[in-house]
Number of protein chains: 2
Amino acid sequence: MLEARLQEAALLKRLLDSIKELVTDANFECNEEGINLQAMDNSHVALVAVKLEATGFKKYRCDRPMPLGVNLNSLTKVLKCAKDDDICIIKASDDADVLNLVYEARSSDRIAEYDMKLMDIDAETLGIPDTEYDARVTMTASEFTRIVRDLSQLGESVRIEVSKEGVRFASEGEAANGNVLLKQTEAAREKYANYGKEDEEAKEEDDEDDEEGSSSKKKIKKEKNMKKEDADVEMEGEDEDEEQEEFKPKSDDEGEEEQDEDEEDKKSSKKRKKAPAKSNGKPAKKVKKSDETPTDGGVLIEMNQHVSLTFSLKYLVNFSKSSALSNTVQLMMSNDVPLLVSYKFGQGEIKYYLAPKIGEE
Amino acid sequence: MLEARLQEAALLKRLLDSIKELVTDANFECNEEGINLQAMDNSHVALVAVKLEATGFKKYRCDRPMPLGVNLNSLTKVLKCAKDDDICIIKASDDADVLNLVYEARSSDRIAEYDMKLMDIDAETLGIPDTEYDARVTMTASEFTRIVRDLSQLGESVRIEVSKEGVRFASEGEAANGNVLLKQTEAAREKYANYGKEDEEAKEEDDEDDEEGSSSKKKIKKEKNMKKEDADVEMEGEDEDEEQEEFKPKSDDEGEEEQDEDEEDKKSSKKRKKAPAKSNGKPAKKVKKSDETPTDGGVLIEMNQHVSLTFSLKYLVNFSKSSALSNTVQLMMSNDVPLLVSYKFGQGEIKYYLAPKIGEE
DNA sequence: TACAACATTG
DNA sequence: CAATGTTGTA
């Protein structure tokens with residue numbers, strides 16, 4: 001039996017907006033620690049992993065692990081029936097074949113209840129090794145959104161190059177080539193001094209991180225990350241995972257074409273839905289206009305060595321939709337391994353993995 | 001000869017936006033009391049009745065009754081040529097085959113004039129008996145809009161059920177079922193205490209009554225209202241029907257037609273409102289977002305008995321466009337008879353009738 | 001993907 | 001009051 005009470009339905013709404021174009025069906029894996037969702041995009045090029053911590057809920061109870069197979073389009077529709085500030089209660093009984101969502105207006109004078117059919121989806125949870133990366137870039141989500149959206153107008157892919165001085169995004173296209181260099185700045189260093197470290201304090205909104213004037217613990221954290229310095233980190237990390245297979249996406253370039261249909265190597269199953277894997281540039285202004293980070297520029301670079309990888313912009317643009325969930329994004333890279341794009345928000349985190357293009361053009 | 005001077009062209013513009021999708025051609029029946037329009041939607045399932053009172057015009061003159069056959073698309077186009085705050089003068093001579101519209105800027109430094117061709121439309125004014133309903137629900141127009149739009153995502157129809165505790169809207173669909181319960185609240189009771197109360201007294205006071213401040217008369221109104229409430233408000237209303245044919249739409253699902261002529265059972269006295277208990281007159285609110293009722297929730301329920309009816313959401317969504325005309329909407333229902341959805345605005349009222357679906361699916 | 005409506009800004 | 005941008009809907 002699952003019962004989770006969320007203070008604001010908006011979180012779920014935004015979460016679904018973030019991933020629904022990438023994935024059509026997925027299991028919400030619920031256990032006592034929270035809710036996790038992991039799925040490859042429809043063309044099996046990218047992987048999305050969402051984590052919602054039990055502690056982030058106003059109330060959370062999950063007696064035993066249960067996977068809830070959900071069609072994300074249906075869930076999106078149902079969530080649209082909630083007002084942003086509604087309290088949202090999610091319930092599913094053990095033998096659940098429906099997910100029960102209750103929206104309660106703050107004033108309690110309106111209670112809406114929805115039952116959504118669940119489906120069986122073959123659990124295809126992949127082992128995602130907790131890799132260490134050679135470079136980590138921390139920047140504002142809006143800036144990242146802007147850059148990939150801008151560059152996507154020029155070409156199909158972007159080369160991301162990280163060096164001590166900063167990070168460069170470069171694209172080449174028919175009509176024009178372009179590149180954006182974000183320099184590492186002192187301001188950014190302070191701003192993200194302890195971003196995403198421990199989960200205790202940064203719990204809130206990340207927003208506060210922007211205001212950080214204190215530059216004390218900065219040093220330490222940063223070092224922790226710089227430790228690893230050998231190249232070619234294989235994404236194997238620990239194997240404590242069960243017998244799952246690993247995340248081995250097809251090299252980006254290829255996967256592009258196929259959508260739906262694909263039987264591919266995925267033995268997913270039952271109710272598969274067709275879904276256009278299109279990418280469209282969705283701006284990011286959402287979140288809270290309020291804290292339009294004054295110091296919107298600058299990035300924090302943490303690295304062991306230069307990295308230079310090329311990715312499909314289409315996916316990055318898609319990932320950037322998550323800027324509705326957080327003001328900050330982190331890009332983790334090592335040469336020749338999938339990029340990890342991470343958005344942390346109070347309640348949890350959403351991670352996207354994308355394999356680099358091989359024959360860098 | 002007709003000449004009507006409207007203070008704000010915006011009213012007409014909004015009115016047309018409300019009905020133009022439902023009806024393409026209709027007669028504006030003009031007489032000394034004002035202008036009425038009545039028409040069935042294109043599939044003859046719903047009926048729209050608009051009333052613009054002569055007194056609502058800055059100036060109004062109509063020597064003798066005359067029907068002006070108008071193509072609503074044309075009128076919409078012509079009205080788009082008016083600025084919202086233009087003064088709008090409508091003129092038609094007795095032998096009219098054109099409708100003359102004059103838009104006068106407030107500053108009088110601009111005068112635009114348009115002539116729109118009229119057409120002959122078979123008068124098919126139906127007699128709409130001034131029915132008494134078993135239940136009346138008063139709520140914010142925006143909430144109603146929101147609910148029907150939400151539910152229309154799930155299914156084709158909605159079951160509306162009214163009980164003392166509130167009103168429930170329920171829909172069933174492929175992917176999910178949903179229902180929204182709006183509870184009757186004390187706040188709502190006060191808010192609508194004398195909604196539609198009338199011309200004599202509440203003329204200006206209506207709004208104030210909402211304020212907690214004025215405690216004196218508020219009390220009274222409130223009691224008046226609650227009394228009925230508790231005792232199962234009798235929704236009496238005079239049954240002064242006449243001999244006209246009645247509005248007998250085909251059960252929503254099907255379609256049929258029926259026509260007749262004759263004016264409503266509105267007889268003599270202009271000012272007279274055959275009003276259901278306490279509904280009538282007073283405009284809802286500003287219509288403009290201005291006073292986005294803080295207490296947006298809650299409904300006022302007045303009923304004699306439980307009612308439960310099923311309607312096509314498509315039409316309700318369409319009706320809800322009238323929220324541009326009023327902040328408040330009233331739903332009047334009795335089992336097995338057409339639903340009446342009414343929006344009252346300063347100048348008049350727009351009423352929609354929709355037959356219930358029979359074999360509730 | 002395109003169109004319409006709403007909100008915001010100048 | 002008009003224009004533009006953004007959001008939501010078909």
Side-chain angles (χ1 to χ4, degrees), chain A residues 9-10 13-14 16-18 20-21 73-74 76-85 142 145-146 149-150 152-153 259-260 274-290 292 314 317-318 320-325, chain B residues 7-11 13-22 72-73 76-77 79-88 103-112 140-156 173 175 286-293 296 312-327:
Chain A
K13 297 175 77 166
R14 287 198 277 257
L16 262 99
D17 283 341
S18 293
K20 71 162 187 283
E21 278 196 30
N73 284 318
S74 299
T76 299
K77 278 186 183 174
V78 172
L79 282 173
K80 283 211 174 124
C81 301
K83 285 188 175 173
D84 277 2
D85 64 341
S142 60
T145 299
R146 177 62 194 256
R149 197 223 285 134
D150 283 353
S152 69
Q153 293 185 63
Q259 345 199 97
D260 11 43
K274 53 20 194 334
K278 42 108 168 283
S279 71
N280 56 5
K282 216 36 182 280
K285 62 297 193 132
K286 206 41 181 189
V287 187
K288 304 291 189 214
K289 311 280 193 178
S290 44
E292 255 336 338
K314 175 174 124 185
V317 167
N318 210 317
S320 71
K321 287 183 180 174
S322 288
S323 54
L325 289 166
Chain B
Q7 186 58 42
E8 303 231 327
L11 175 72
K13 297 174 79 166
R14 287 197 279 257
L15 184 57
L16 264 100
D17 283 341
S18 293
I19 63 177
K20 71 163 187 281
E21 277 195 29
L22 219 48
L72 300 189
N73 284 317
T76 300
K77 282 183 186 171
L79 282 172
K80 286 222 171 109
C81 302
K83 285 185 177 177
D84 277 2
D85 64 342
D86 277 352
I87 288 169
C88 173
Y103 307 139
E104 230 178 80
R106 293 213 158 196
S107 51
S108 295
D109 56 10
R110 175 176 52 79
I111 294 182
T140 59
S142 60
E143 193 146 47
F144 179 64
T145 300
R146 174 66 193 251
I147 290 170
V148 296
R149 193 192 292 146
D150 280 355
L151 295 181
S152 68
Q153 290 187 127
L154 306 184
E156 298 276 300
K286 263 334 46 112
V287 163
K288 254 347 191 177
K289 318 289 179 180
S290 45
D291 57 357
E292 223 16 305
T293 29
D296 202 21
S312 162
L313 277 164
K314 177 174 121 188
Y315 289 95
L316 298 184
V317 167
N318 210 317
F319 298 170
S320 71
K321 286 186 180 174
S322 287
S323 54
L325 288 165
S326 171
N327 289 326

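Below, read A as the first sequence line, B as the second, and so on, with proteins coming before strands; counting in each chain starts at 1. Below, all heavy atoms of this structure are taken into account, side chains as well, without hydrogens, waters or symmetry copies.
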Nearest-nucleotide wise, let me know which of B:Lys83 and B:Val317 is further upstream toward the 5' end of DNA chain D. B:Lys83
What residues, two or more places apart in sequence or in another chain, satisfy side-chain contact (heavy atoms from CB on, under 4.5 Å) together with B:Lys77? none
Atom-to-atom span, NZ of B:Lys321 to P of D:dT9 - whole angstrom: 13 Å
Tell me every residue that passes side-chain contact (heavy atoms from CB on, under 4.5 Å) with B:Lys314, counting only those two or more places apart in sequence or in another chain. B:Ser312
Rounding to an integer number of Å, can you tell me how far B:Asp150 CG sits from D:dT9 C1'? 13 Å
Separation of D:dT9 P from A:Leu79 CG (nearest whole Å): 14 Å
In whole angstrom, what separates B:Lys80's NZ from C:dA5's P? 7 Å
Indicate yes or no for a side-chain donor-acceptor contact from B:Thr140 to the backbone of B:Glu143 under 3.5 Å, with no hydrogens or angles considered. yes
Nearest whole angstrom, please: distance from the C1' of D:dG8 to the CG of A:Asp84. 13 Å
What integer distance in Å separates A:Asn73:CG from D:dA10:C1'? 15 Å
Are any side-chain N or O atoms of B:Lys321 and backbone N or O atoms of B:Lys20, one a donor and one an acceptor, separated by less than 3.5 Å? no
Measure from CZ on B:Arg14 to P on C:dA4 and round the result to the nearest Å. 20 Å
Atom-to-atom span, CZ of A:Arg149 to P of D:dG5 - whole angstrom: 13 Å
